[in-house]
Amino acid sequence: MLFNSIDFLIFLPIVFALYWFVFRSRRWQNLLIVIVSYIFYGWWDWRFLILIIATSLFSFLSGLLIEKYEGKRHVQKWLSSLNIIINLLILGIFKYYNFFVDNLIALADSFHVEIGWTTLNIILPVGISFYTFQALSYTIDVYQHKLKATKDPVEFFAYISFFPQLVAGPIERATNLLPQFQKERVFHYPAAVDGMRQMLWGFFKKLVVADNCAAVVNMYWSDYQSLPGIALIMLGVLFTFQIYCDFSGYSDIAIGCARLFGFSLMRNFNYPYFSRSIPEFWRRWHISLTTWFRDYIYFPLGGSRCEKWKIIRNIFIVWSISGLWHGANWTFVCWGLYHALLLALYNILGVNTKHQHIVAFGRQLPSVKELAQMLLTFCLAVIGWIIFRAENISQATDFLLSIVQHPFLGEATFYGKKWVFVCLALLCIEWFQRDRQHVLQLPGSGVFHYRAARWAVYYLLCVLIIQFAGSSQSFIYFQF
C-alpha cells in the first residue's frame, strides 16, 4: 500500500479510530498494529508476508536463546551469528542471487567457460533491506547487552512490522522503538497535530516536487546525448531533488504518521543540502542507515581510533557494503566507492569531524566561505546521484563526460527549467526553517502567531498538492 494512494487515505483514519477508541489497552493496540501492518505490507503481494514473519520469528527466538545462555559467551556468539547468517541469506537470495549469477556467467563466458547455473524467477520483496537491518540490530543489541530480550512475541512482531516505517525506514533501533511498545500510550493532541503537519509537508515534497521532477528526469534520461551541457546539469540537479524530496518526503510521512499513534521515530533527514562537507552530508542524509553502518560495521572494524590506513580501509569497506545495500547493480557499488573516496580525502585533510553545528547558526545568511563549501558539497552530491541514477557504468561515465564535451548551450528544448526554480524555492524555504525538525514547525512569533496565517499555509499546500501533483510514482527507496 502506497502512502500516496486513495487506499492509504481510507486505511489510516480507520486504523486511527480502532487504535484509540476500540483497542485501548497496550496489548490490544500492539496486536492491532501487527494485523494492520501485515495488511499494509501484504497489499502489494501476500507472499511477502512469509519472509517478514520468518525474519521476525528467527530474530525473536534468537533473542530469547541468547539471553537464556547468559554466561556462556561462546554459545551466545554462535546463536547471534546464526541469526545474522539466516537473515542475510534470505536477503541475499531475494536481492542479490540473480545479480551474482549473471556476473559469474558473464565472467565465465569471457574465459569461454560454460557453467550450468541459472537465475531464479523471483521478485524483490518491498523494503526487505529495511526490516532485515532492523531485525539484525535487535539481535546484536541483545548480544551486546544493550537491551533485554523481549518475551512478548506480539510487541516484537509489531516492532519489526510497524507500518509507517516498514518499507523505507527510518531503520529503527530496538533500544528506541521496542520500549515504546512495552508501555501504555496516551493520545497527545499537540504531538498528533505536529505529526499531521509533518505528513502534509512530506506529501507536498513527494507529490508536487519529487513526482514532477521524476516526470522530467524519466522523459530526458534515455535521450541525454541530445542535450546541451546546461540541460544535462539541470537534469542532474532535478534528480538530486527528486531523490531527496521522494525519500525525505516518505520519512516525514512515516514520522508524522507514527506520532498519530503515540510513537516517536528517529529523525532521518536534517537538511542535507546545506552541508559544508561530504562527511557532514552523510550525518544529515538517511541518518538511520548511516548510523547503523557506523555502529554495527565501522566501529567494530576499529572506526577512527586506529592507524590512518586502517581508517581508510574501514571507510571503503563500509561504503562498498552501503552501495551494495542500495541495490544489485554495479552503479550502486561505484556510487558507494565514489563517496568512500571523498570521505577518505576529507579524513586525510582533517575535516571529518568538523561542522557539527548547523550552518550559519544564529544568522540569516551564510558567510562567503560557508556558501562556497555548500556549493562544492552540493556539486559533489549531484555527481554521485548521476552515478546512482544511471542504468550502468557506461551510461554514468558517458553522462558525466557529456556535460563537459557537449556545447554548454544548445537548441534542444528542455522542459524542466521551471522545476529547477521550484527546487530552488524549496531550498529557500528550508533554509529559514533549518533549525527545526520540519518546515511546518512554524514560529509562534511574527505573522505566524496568528492561527489564520498558519492555516493559510496549510490550505495553500493542500491546493498546490491538488493542483500540481504529478503522476503517481512509487517511492524510490521501495526497491531497496
Side-chain angles (χ1 to χ4, degrees), residues 95 99 124 126 129 168-169 205-207 209-251 269 272-273 275 278 281-282 285-286 289-290 319-320 322-342 377-406 412 414-417 419-420 422-424 426-427 470-480:
K95 191 168 182 176
F99 171 71
L124 178 65
V126 176
S129 297
K205 285 195 291 185
K206 166 60 179 171
L207 297 174
V209 183
D211 285 355
N212 281 291
C213 287
V216 177
V217 171
N218 294 339
M219 179 192 304
Y220 287 103
W221 196 272
S222 59
D223 192 35
Y224 68 90
Q225 296 95 337
S226 64
L227 296 175
I230 183 64
L232 291 173
I233 292 172
M234 286 192 286
L235 195 60
V237 169
L238 284 176
F239 180 70
T240 296
F241 280 97
Q242 177 197 341
I243 194 168
Y244 168 63
C245 290
D246 190 283
F247 193 19
S248 70
Y250 179 94
S251 293
F269 287 84
Y273 292 152
S275 302
I278 290 297
F281 176 83
W282 284 111
W285 179 283
H286 202 177
L289 179 66
T290 53
W319 283 95
S320 298
S322 177
L324 196 58
W325 178 91
H326 280 82
N329 193 317
W330 288 113
T331 55
F332 297 125
V333 176
C334 287
W335 171 81
L337 292 173
Y338 166 76
H339 278 283
L341 178 62
L342 293 177
T377 304
F378 182 79
C379 290
L380 293 174
V382 170
I383 293 171
W385 291 130
I386 290 172
I387 299 171
F388 190 93
R389 174 61 174 79
E391 296 175 6
N392 50 60
I393 303 300
S394 297
Q395 188 185 81
T397 304
D398 187 56
F399 190 106
L400 292 170
L401 289 175
S402 296
I403 293 176
V404 294
Q405 291 177 348
H406 286 195
F414 183 72
Y415 293 104
K417 297 174 185 176
W419 290 107
V420 173
V422 170
C423 293
L424 293 176
L426 178 82
L427 269 189
S471 58
S472 181
Q473 303 276 341
S474 179
F475 289 88
I476 292 175
Y477 267 67
F478 278 14
Q479 64 184 297
F480 306 139

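Note that the structure is a prediction, hence the values are computed from the model and not measured.
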Exercise for the section: Indicate, with yes or no, if the rings of Y244 and W385 have centres closer together than 6.0 Å. Expected result: no
Exercise for the section: For the pair W319 and W335, name the ring-plane relationship: parallel under 30°, tilted 30 to 60°, perpendicular over 60°. Expected result: perpendicular
Only distances under 3.5 Å count here; give the side-chain donor-acceptor pairs of residues 223-236 to other protein atoms, sequence neighbours excluded, each with its distance to 0.1 Å.
from	atom 1	to	atom 2	distance (Å)
D223	OD2	S226	OG	2.9
Y224	OH	D398	OD2	2.7
S226	OG	D223	O	2.9

Exercise for the section: To the nearest 0.5 angstrom, please state how far the CD atom of Q405 sits from the CG atom of L400. Expected result: 10.5 Å
Exercise for the section: Could you tell me the separation between the CH2 atom of W282 and the OG1 atom of T290, rounded to the nearest 0.5 Å? Expected result: 7.5 Å
Exercise for the section: Quick one: pull up CG in L289 and OG in S129 and give me the separation to the nearest 0.5 Å. Expected result: 9.0 Å
Could you pull out all donor-acceptor pairs under 3.5 Å where a side-chain atom in residues 212-219 meets a protein atom, sequence neighbours excluded?
from	atom 1	to	atom 2	distance (Å)
N212	ND2	V208	O	2.6
N212	ND2	F468	O	2.8
N218	OD1	R389	NH2	3.2
N218	ND2	A214	O	3.1

Handout entry: Ring centers of F332, W325 separated by less than 6.0 Å
Key = no
Fill in the blank from the handout: For S248, the side-chain hydrogen bond (donor to acceptor under 3.5 Å, both in side chains) test, sequence neighbours excluded, returns K205
Fill in the blank from the handout: CG of L342 to CG of L337, rounded to nearest 0.5 Å, is 11.0 Å
Handout entry: Side chain H326, main chain S322, donor-acceptor under 3.5 Å
Key = yes
Problem - Distance (rounded to the nearest 0.5 Å) between L427 CG and Y273 OH - result: 9.0 Å
Problem - OG on S251 to CZ on F247, rounded to 0.5 Å - result: 5.0 Å
Practice task
Dump the intermediate steps for side-chain contact (heavy atoms from CB on, under 4.5 Å) on W221 and L238, then the final yes or no.
Solution key: CA-CA 11 Å; W221 196 272; L238 284 176; over 6 Å; no
Problem - Donor-acceptor contact below 3.5 Å, side chain Y220 vs main chain Y415 - result: yes
Practice task
Show your working on side-chain contact (heavy atoms from CB on, under 4.5 Å) between T331 and E391 and close with a plain yes or no.
Solution key: CA-CA 7 Å; T331 55; E391 296 175 6; over 6 Å; no
